[in-house]
Amino acid sequence: MKKLLSLVLVVTGTIFAVSCSGNKTDTSSNNAAPTDTAITAAVITVDDLVGKEFSLTNMYEGKEVTIAFPVTNMLGGKSAVNSYTTEFALDGEKITLTALASTKMAGPEEDMAVENEYLQILNGANTISLNGDVLTITTASGTNLVYTFKGTVPTADTNN
């Protein structure tokens, strides 16, 4: 009887060990899939942006379209002809802009069309991410504004 009980325990233990090690392998392979950049990327903060300027690179080739963050919760830039500014708030990857304001200089018709379209797209900003020197703002409709780091800008956040 002891031999039978020992045999049952050895077989049960072996089955348990094999099944657990199988689950470990499956679990680790299942965990490996979600470790893409979107999930593991750190949440962007205002401090990551203040003092930086970026150039739009994925549309309007040959036109000067920029975005800069000179002050906490303020952004602005050049939109082909005019300068623009607005307040913004971050909540995780979500970005909310207040009403955009811009200067009202006239320019070439093509540049004015670029400016109007760009400001309309930017006004629909929904999410923001920063991956190294690449800043991406995505609208609720799925349009991506992809910027690359251009340089630093003076900040007004020094309260000395």
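Starting from 1, each residue takes its place in the sequence as its number.
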Stepwise, does the side chain to side chain contact (heavy atoms under 4.5 Å, CB included) test hold for Asn82 with Met105?
CA-CA 6 Å; Asn82 289 289; Met105 295 186 312; 3.3 Å; yes
Would Glu64 and Lys150 satisfy salt bridge (charged side-chain N to carboxylate O under 4.0 Å, His left out), going step by step from the backbone distance to the final call?
CA-CA 12 Å; Glu64 185 180 7; Lys150 180 178 179 180; 3.7 Å; yes
Apply side chain to side chain donor-acceptor pair (under 3.5 Å) to Thr98 and Thr86, showing your working.
CA-CA 6 Å; Thr98 60; Thr86 186; 3.0 Å; yes
Does the side chain to side chain contact (heavy atoms under 4.5 Å, CB included) test come out yes or no for Ile121 and Thr139, once each step is laid out?
CA-CA 7 Å; Ile121 293 169; Thr139 67; 3.8 Å; yes
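Evaluated for a side-chain contact (heavy atoms from CB on, under 4.5 Å) with Leu145, the options Thr57, Leu122, Val65, Ile67 yield exactly one hit, Leu122.
Summarising the geometry of Tyr147 relative to Ile137, their closest heavy-atom pair is CE1-CD1, 4.0 Å, with the distance given to 0.1 Å. Between Ser79 and Glu115, the shortest heavy-atom distance links the atoms O-OE1, 2.7 Å. Minimum heavy-atom separation, Tyr60 to Glu117: OH-OE1, 2.6 Å. The shortest non-hydrogen separation linking Leu49 to Leu90 is CD1-CD1, 4.3 Å. Of all heavy-atom pairs between Ser129 and Ile44, the closest is C-CD1, 4.2 Å. Nearest heavy atom pair, residue Thr155 against residue Gly51, reads CG2-CA, 3.4 Å.
Residue Val153 is not grouped with residue Val71 when hydrophobic side chains (ILVMFWY) are merged at heavy-atom distances under 4.5 angstrom, including chains of intermediate members. Taken together through direct or relayed side-chain contacts under 4.5 Å among Ile, Leu, Val, Met, Phe, Trp and Tyr, Val81 and Leu100 form parts of separate hydrophobic clusters. One hydrophobic cluster holds both Met59 and Phe149 under the rule that ILVMFWY side chains link at heavy-atom gaps under 4.5 Å.
No donor-acceptor distance shorter than 3.5 angstrom exists from the side chain of Asp133 to the backbone of Thr148, with no hydrogens or angles considered. In this structure a side-chain-to-backbone donor-acceptor pair under 3.5 Å is missing from Ser83 to Thr103. Asn58 places a side-chain N or O within donor-acceptor distance of the main-chain N or O of Val146, the cut-off being under 3.5 Å. The backbone N or O of Met112 sits less than 3.5 Å from a side-chain atom of Asn116, completing a donor-acceptor pair.
Here OG of Ser141 is found 9.0 Å from CG of Asn126. Values are rounded to the nearest 0.5 Å. Lys52 contributes atom NZ, which lies 5.5 Å from atom CG of Leu130 (distance to the nearest 0.5 angstrom). A distance of 6.0 Å separates OH of Tyr84 from CG of Leu75, quoted to the nearest 0.5 Å. To the nearest 0.5 Å, the span separating CG on Asn123 from OH on Tyr118 amounts to 11.0 Å.
The shortest distance between side-chain heavy atoms of Phe88 and Val46 falls below 4.5 Å. The shortest side-chain heavy-atom distance between Lys94 and Thr127 falls under the 4.5 Å cut-off.
Thr138 and Asn144 share a donor-acceptor pair across their side chains, judged by distance under 3.5 Å alone.
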